[in-house]
Each structure stands twice: as structure tokens, then as C-alpha cells.
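What follows is a short report on a single structure.
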Amino acid sequence: MPLLPRRFERLQKVLSNRMGDLTVLLEDVEKPHNLSAILRSCDAVGVLEANAVVNKRRPITFNNTAQGSQKWVILNDHKSIKTAVINLKEKGFFLYGTTLTEDSKDYRDCDFTRSTAFVLGAEKWGLTKTAQSLIDEKICIPMRGMVQSLNVSVAAATLLFEALRQRQKAGLLPKNGAGLEEDIYKKILFEWAYPDVAEWCNQEGRAYPVLNQQGEIIERLPRTKKLRY
Ligand code: SAM
């Protein structure tokens, strides 16, 4: 099926708004509906990549709550919270750990305009002691009701949209793909536009074909495989 010009324009527009410097790190968040809802919020806000440390006995799965957002937000699966934190710190992220302790700062008093990672904990237990010792600052969304905590996906959405609000107010939202390096932009645009061809290229170890202005593949590709393009 050919890629329609309108569809290609939409892919370009959404990718142009993506931010490589805003992310979440999920520690043992396992329930498919929570993971799905968090990825959906990431997509809505314009997060390029999310991160997770997953209990290997329960592989990552999504449900309808995601509405397909797992196709549009890259999910990096880390071996441990320690390696995940090191990886994000090396990339320059400031890590805000969400905890419901008394020494947590009100999220409205924090600066999310710099490279920001929100570290969110498991549904039942919250962040582990290890995670708490690795983060840069503890934050919370103040609660006024009888129940002590929010659902993790609600907490994630609240924080992500606050980051979006702050960046919008500061005139820092990327336009025209400015939030991404050019080669990353091109790579992801191709993968979004032609997932089957991208998978085939990766299997074959070959570079992605060049696209013209209309998003068409100009190179002739073998027709032996069922490549949808
Ligand atoms: N008993 C757990 C605790 O004390 O952390 C509750 C875990 S809560 C249901 C799951 C996750 O949601 C938390 O680890 C945190 O990431 C996030 N969360 C829930 N309520 C929050 C709040 N008010 N402020 C910040 N994060 C919150």
C-alpha cells in the first residue's frame, strides 16, 4: 500500500515536535494498562524515548489503552536501575525520582525545562531504595485526599504535562525537528513511514533507502519479499 502524502506530512509534523530531552524511567511498572497509558501520555506530550527496567519474568506487554502509541514512542529496556540511571546521566538527564516522602519537593517548584527524566516506581511498592539513592532530586504531586498515592500513569501524565507547560511558556518547544539530531530524525521518519522495509533493511544489514520530498522510496527494492511500500 503506498504511503499517502497526507500521512507522510502528519508523520513529519509529529516527529518534528518530538523532544529527545524529556523522558520517563519506569522501575518495575508491570501492569500492561499502566505501561500503555504512560506511553500514550509520552506520545501526547512529544516524548521521543521512554525507559524501563522490567522484571524479566513478566515481559513488556501493552493493551488497547496504548492505542498503538508503542509504535510511536521508543521504549528502551534496561537491565537494571543502576545501568538505566548511568545511561541517562551520561546523556545529561537530571533525574527526578517520584516519592511520597516528606522530603520530596512539590513538582510545581521544579524546573523541567532542562533535560528531564521522571523516575516512576512500581504500582505496589514505589521506587526501590536503590533507585532512591541514585536519583538527583525527590519530587511529589501533593495529595489532599484519603488515598495516599495516584495511579502511576496518572502521576506520569501530570508530570509530563507540567514539563510541556513549562517548556511552552519558556518558548522551548522544538519545531521543525529541532529536538532531534538530523540523522536520528531521518532514521525514525523512515521507520514510521515504512516499518516493514525498515525491519527488512535491519535484517539484511543495509542502510535505509532515501526518500524523496513526497516520502516515496526512490530506490528499486527487491519484490521477492512482501515489503509494504
Ligand atoms: N506505596 C507506594 C509508595 O509509597 O511509593 C505507592 C506507589 S504509587 C501507586 C506508584 C508510583 O506512582 C510511585 O512510585 C510514583 O512513581 C507514582 N506516584 C503516585 N502518586 C504520586 C504522587 N502523589 N507524586 C508523585 N508520584 C506519584
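Counting begins at 1 with the first residue of the sequence. In each ligand, atom 1 is the first atom listed, and ligand 1 is the first ligand listed. What you see below is based on every heavy atom in this structure, not just the backbone, and it leaves out hydrogens, waters and symmetry mates. Fair warning: this is a prediction, and the values are worked out from it, not measured in the lab.
At a 4.0 Å cut-off, at least one heavy atom of Ala122 sits close enough to ligand 1 to count as contact. The closest approach between Lys124 and ligand 1 falls below 4.0 Å for a heavy atom of the residue.
Ranking protein heavy atoms by distance to atom 3 (C) of ligand 1, first place goes to Leu100 CD1, 3.8 Å. Ranking protein heavy atoms by distance to atom 6 (C) of ligand 1, first place goes to Ser149 OG, 3.9 Å. In terms of protein heavy-atom proximity, atom 13 (C) of ligand 1 is closest to Gly121 N, 3.9 Å. In terms of protein heavy-atom proximity, atom 9 (C) of ligand 1 is nearest to Glu123 O, 3.2 Å.
The option with the heavy atom closest to atom 16 (O) of ligand 1, from among Thr128, Asn34, Thr98, is Thr98. The nearest non-hydrogen atom to atom 23 (N) of ligand 1, considering only Val152, Asp28, Ile141, Val147, comes from Ile141. Compare Ala131, Gly126, Ala156, Pro142 by their heavy atoms: the one nearest to atom 5 (O) of ligand 1 is in Gly126.
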Does the pair Phe93 and Asn87 meet the rule for a side-chain contact (heavy atoms from CB on, under 4.5 Å), with working shown? CA-CA 9 Å; Phe93 281 97; Asn87 178 273; over 6 Å; no
Residue pair Thr99, Gln132: steps toward the side chain to side chain donor-acceptor pair (under 3.5 Å) verdict: CA-CA 8 Å; Thr99 55; Gln132 289 188 38; 5.2 Å; no
After noting the C-alpha distance and the side-chain angles of Ser133 and Thr130, does the key distance pass the side chain to side chain donor-acceptor pair (under 3.5 Å) rule? CA-CA 5 Å; Ser133 71; Thr130 311; 5.6 Å; no
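The distance from atom CZ of Arg7 to atom CG of Leu3, rounded to the nearest 0.5 Å, is 7.5 Å.
With a heavy-atom cut-off of 4.0 Å, Ala155 touches ligand 1 through its side chain alone. Neither the backbone nor the side chain of Gln148 has any atom closer than 4.0 Å to an atom of ligand 1 (non-hydrogen atoms only).
A centroid separation of 6.0 Å or more is found between the aromatic rings of Tyr107 and Phe112.
For the pair Arg165 and Glu162, the salt-bridge criterion is met [side-chain N within less than 4.0 Å of a carboxylate O]. The existence of a salt bridge linking Lys186 and Glu182 is confirmed by a sub-4.0 Å separation between a basic side-chain nitrogen and an acidic carboxylate oxygen.
Under a 3.5 Å cut-off, the side chain of Arg167 and the backbone N or O of Arg114 do form a donor-acceptor pair. In terms of modelled atom types and a separation under 3.5 Å, the side chain of Thr23 and the main chain of Ala117 share no donor-acceptor contact.
Counting the atoms of ligand 1 from 1 in the order shown, those under 4.0 Å from a heavy atom of Met143 are 23 (N). Within ligand 1, the atoms closer than 4.0 Å to a non-hydrogen atom of Cys140 are 24 (N), 25 (C), numbered from 1 in the order shown.
Below 3.5 Å of separation, one finds no N or O of Leu120 facing any N or O of ligand 1. On a distance-only criterion, Leu150 and ligand 1 share at least one N/O pair closer than 3.5 Å.
Side-chain contact between Asn34 and Glu123 is present, with heavy atoms from C-beta onward closer than 4.5 Å.
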